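The structure under discussion appears below in the form of structure tokens.
Since this is a predicted model, take the numbers as computed values, not measurements. Numbers here are sequence positions counted from 1. In listed order, ligands and their atoms are each counted from 1.
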Amino acid sequence: MEDIKMEEIVSFCKNYGFVFPGSEIYDGFANTWDFGPVGVELKNNVKKCWWKRFVQEDAHTYGVDAAILMNPKTWAASGHIDSFSDPKMDCKKCKQRFRADNLIEEYSKGEVAAEGMTNEQMENYINENHIVCPNCKGFDWTPIKQFKLMFETSRGTVEGDKDVVYLRPETCQGEYVNFLNVQRTTRAKIPFAIAQIGKSFRNEITPGNFLFRTIEFEQMELQKFCKDTDSMDIYADYKEKALKFVEDLGLDKDKLRFHDHDKLAHYAKAACDIQYKFPIGWEELNGIHHRGTWDLSRHSEFSGKKMEYMDPETNEKFIPTVIEYSIGADRLTLALICEAYHKETLEDGEVREVFKINPCLAPYKVAVLPLIKKVHGTKAEEIFAMLSKNFMTTYDETASIGKRYRRQDAIGTPYCVTIDDDTLNNNTVTIRNRDTMEQITINVDELVSYINENIQF
Ligand code: ATP
């Protein structure tokens, strides 16, 4: 569907129980969202599909579920304590936000090294040189503020004793610090990967754009440990796998593209994103990064433990190179919602909202609808009990059958099963397809296998 606006997606999600504004009764809390009864199923299915594809179906990938709160030395080693904050300023005219040091470096074509300047010196330089907003060419800046992107909290076992700890801003450190444990317990040979799905937290100050950028989000990511000589092939392989995964889930090929990073970290050989054409434009959906030996070397240095691998054939010891593949579960869920949401005008002129989501991701796989509550309700409850042992099933006995179909269309239920007199007399039901609206009659005993066959990923 063309030109769908983010506001339409937000209100659709709110109306049908996909996503609500966080803490809404207190007027919300910027850049937080709560998944509702339908949304939580969708997002859980996104995570299940990712895990199935990248962990279950890959004999050389092992999962972990590491603690969110890590020893603060982790964040010293990773560089986050020193550098995960930005000197930012806003253009009051167009509301765009920029890093002050970047503005100066770009203006002076690299002649002035802004990183050594205080915020006051940077402000003076920007004013004296009349550096305008690169976006709207205006000259109306807010003062510079240093924004730390890591959330801090504290921990103290004794009254008055408070040690700063951080909410992790990325999940991957949980894999790096467990590299030795996982390799020892699985006896994995490189190349192998450690994968994790979990929450990350970033004190993002840029406008949210719904689920696209939030201060708390889930990452689905893996770190592949390999020999440096194999690393570029593995990098290319994950680019392909990452693209295939989102296409298989149902994102349109024409709305996906690779975007190579212009600036590489000093330790990286390559880095790229897959971008998706969101209603707000082309934006990063996931990243694939060559991280060299940086992460494990830093943890070796800061922990004093040798983060090495011994090649069983040559007995050579070395620090493996890492290829990282990371995708946000919430951001991917948003992309899938944008892709699936359709408004269709039917032959009779009625407009139906239909959520054409891949059945493997559908919040409910089937809806059980008794034609007349009083007559068919008991049988329908029996069928609900049978189906719900196998997959998420919903039950609706209110309103006309047409209205009930519409509601299921809008939340993406691929199948509606209607219980009527034929069910009581012949043990058959009609099963209606969400996308084609066609109905077929099948025996109740065949329902589970029929649905199961059509909801696999
Ligand atoms: P961006 O450039 O959009 O800030 P990033 O390059 O900092 O993202 P990574 O650190 O590589 O992102 O994180 C991997 C993935 O996690 C991203 O591709 C994105 O899908 C997701 N992600 C990152 N930050 C957020 C956020 N604030 N809200 C939701 N998802 C996020």
Side-chain angles (χ1 to χ4, degrees), residues 6 9-10 19 22 29-35 39 43 46-47 50 54 75 78-80 83-86 88 96-99 102 147-151 166-176 195-224 235 238-239 241-243 245-246 249 251 256-265 267-268 270-278 280-291 294-295 322-338:
M6 195 65 108
I9 296 289
V10 175
V19 183
F29 189 58
N31 292 351
T32 67
W33 299 90
D34 296 341
F35 284 83
K43 189 172 144 188
V46 168
K47 291 188 282 182
W50 189 88
F54 290 99
W75 307 112
S78 69
H80 283 80
S83 61
F84 207 46
S85 79
D86 297 332
K88 295 203 174 173
Q96 291 267 335
R97 182 161 284 176
F98 298 92
R99 277 175 60 169
N102 284 353
F147 283 107
K148 280 192 177 177
L149 294 177
M150 274 209 293
F151 281 106
Y166 301 94
L167 298 187
R168 66 181 177 198
E170 59 183 25
T171 47
C172 57
Q173 299 301 329
E175 283 108 290
Y176 302 141
Q196 177 166 214
I197 297 180
K199 285 247 173 175
S200 291
F201 304 81
R202 291 182 194 175
N203 195 3
E204 303 270 13
I205 14 77
T206 39
N209 281 320
F210 194 32
L211 300 175
F212 181 79
R213 190 178 299 287
T214 49
I215 54 177
E216 136 172 20
F217 55 97
E218 274 181 283
Q219 289 183 307
M220 310 188 285
E221 48 82 27
L222 59 83
Q223 311 297 314
K224 186 109 179 180
Y235 173 78
Y238 271 99
K239 277 178 73 168
K241 283 181 173 154
L243 184 65
F245 172 66
V246 290
L249 286 183
L251 294 186
L256 291 164
R257 68 180 187 194
F258 285 109
H259 169 74
D260 287 323
H261 287 198
D262 301 331
K263 266 192 190 168
L264 291 181
Y267 49 78
C272 76
D273 302 332
I274 290 177
Q275 294 182 331
Y276 176 71
K277 198 172 178 208
F278 287 91
I280 49 171
W282 288 98
E283 294 285 353
E284 173 178 337
L285 183 60
N286 72 225
I288 301 134
H289 303 141
H290 186 297
R291 301 190 55 90
W294 167 255
D295 305 280
V322 168
I323 303 299
E324 171 183 66
Y325 157 50
S326 176
I327 180 161
D330 313 78
R331 201 176 279 189
L332 175 57
T333 302
L334 174 63
L336 290 159
I337 293 174
C338 297

Looking at R202, which atoms of ligand 1 are within less than 4.0 Å of one of its heavy atoms?
5 (P), 7 (O), 9 (P), 10 (O), 12 (O), 13 (O), 23 (C), 24 (N)

Suppose we screen for side-chain hydrogen bond (donor to acceptor under 3.5 Å, both in side chains). Which residues come up paired with H259, at least two apart in sequence or across chains?
none

Could you find the nearest protein heavy atom to atom 13 (O) of ligand 1 and give me its residue, atom name and distance?
Q219 NE2, 3.1 Å

At the 4.0 Å heavy-atom cut-off, does N286 count as touching ligand 1?
yes

Which residue and non-hydrogen atom of the protein lie closest to atom 28 (N) of ligand 1, and at what distance in Å?
T214 N, 3.0 Å

Heavy atoms only, cut-off 4.0 Å: how does L285 contact ligand 1, side chain, backbone, both, or neither?
backbone

Any N or O of F217 that comes nearer than 3.5 Å to an N or O of ligand 1?
no

Between CG of L222 and CD1 of I327, what distance do you get to the nearest 0.5 Å?
11.0 Å

Check the angle between the aromatic planes of W75 and H80 and answer parallel, tilted or perpendicular using the 30° and 60° thresholds.
perpendicular

Between Q219 and S200: side-chain donor-acceptor atoms closer than 3.5 Å:
yes

Does the N or O separation between H289 and ligand 1 drop below 3.5 Å for any pair?
no

N/O to N/O below 3.5 Å, does that happen between L211 and ligand 1?
no

Output the distance between atom NE2 (H289) and atom CG (D295), rounded to the nearest 0.5 Å.
11.5 Å

Exactly one candidate in E221, K199, M220 meets side-chain contact (heavy atoms from CB on, under 4.5 Å) with T171; the answer is E221

Heavy-atom neighbours of K47 NZ exceed 12 at 6.0 Å
yes

The protein heavy atom nearest to atom 6 (O) of ligand 1 is E284 OE1, 3.3 Å

Sub-4.0 Å heavy-atom approach of E170 to ligand 1:
no

Would K239 count as a cation-pi partner of F258, with NZ or CZ less than 6.0 Å from the six-membered ring centre and within 45° of the ring normal?
yes

Please list the nearest protein heavy atom to atom 4 (O) of ligand 1 with its residue and the distance rounded to 0.1 Å.
R213 NH1, 2.7 Å

With sequence neighbours excluded, residues passing side-chain hydrogen bond (donor to acceptor under 3.5 Å, both in side chains) with S85
Q146

Heavy-atom contacts with F212 under 4.0 Å: which atoms of ligand 1 show up? List them by number with element.
28 (N), 29 (C), 30 (N)

Atom 14 (C) of ligand 1: closest protein heavy atom, distance to 0.1 Å, is S326 OG, 3.1 Å

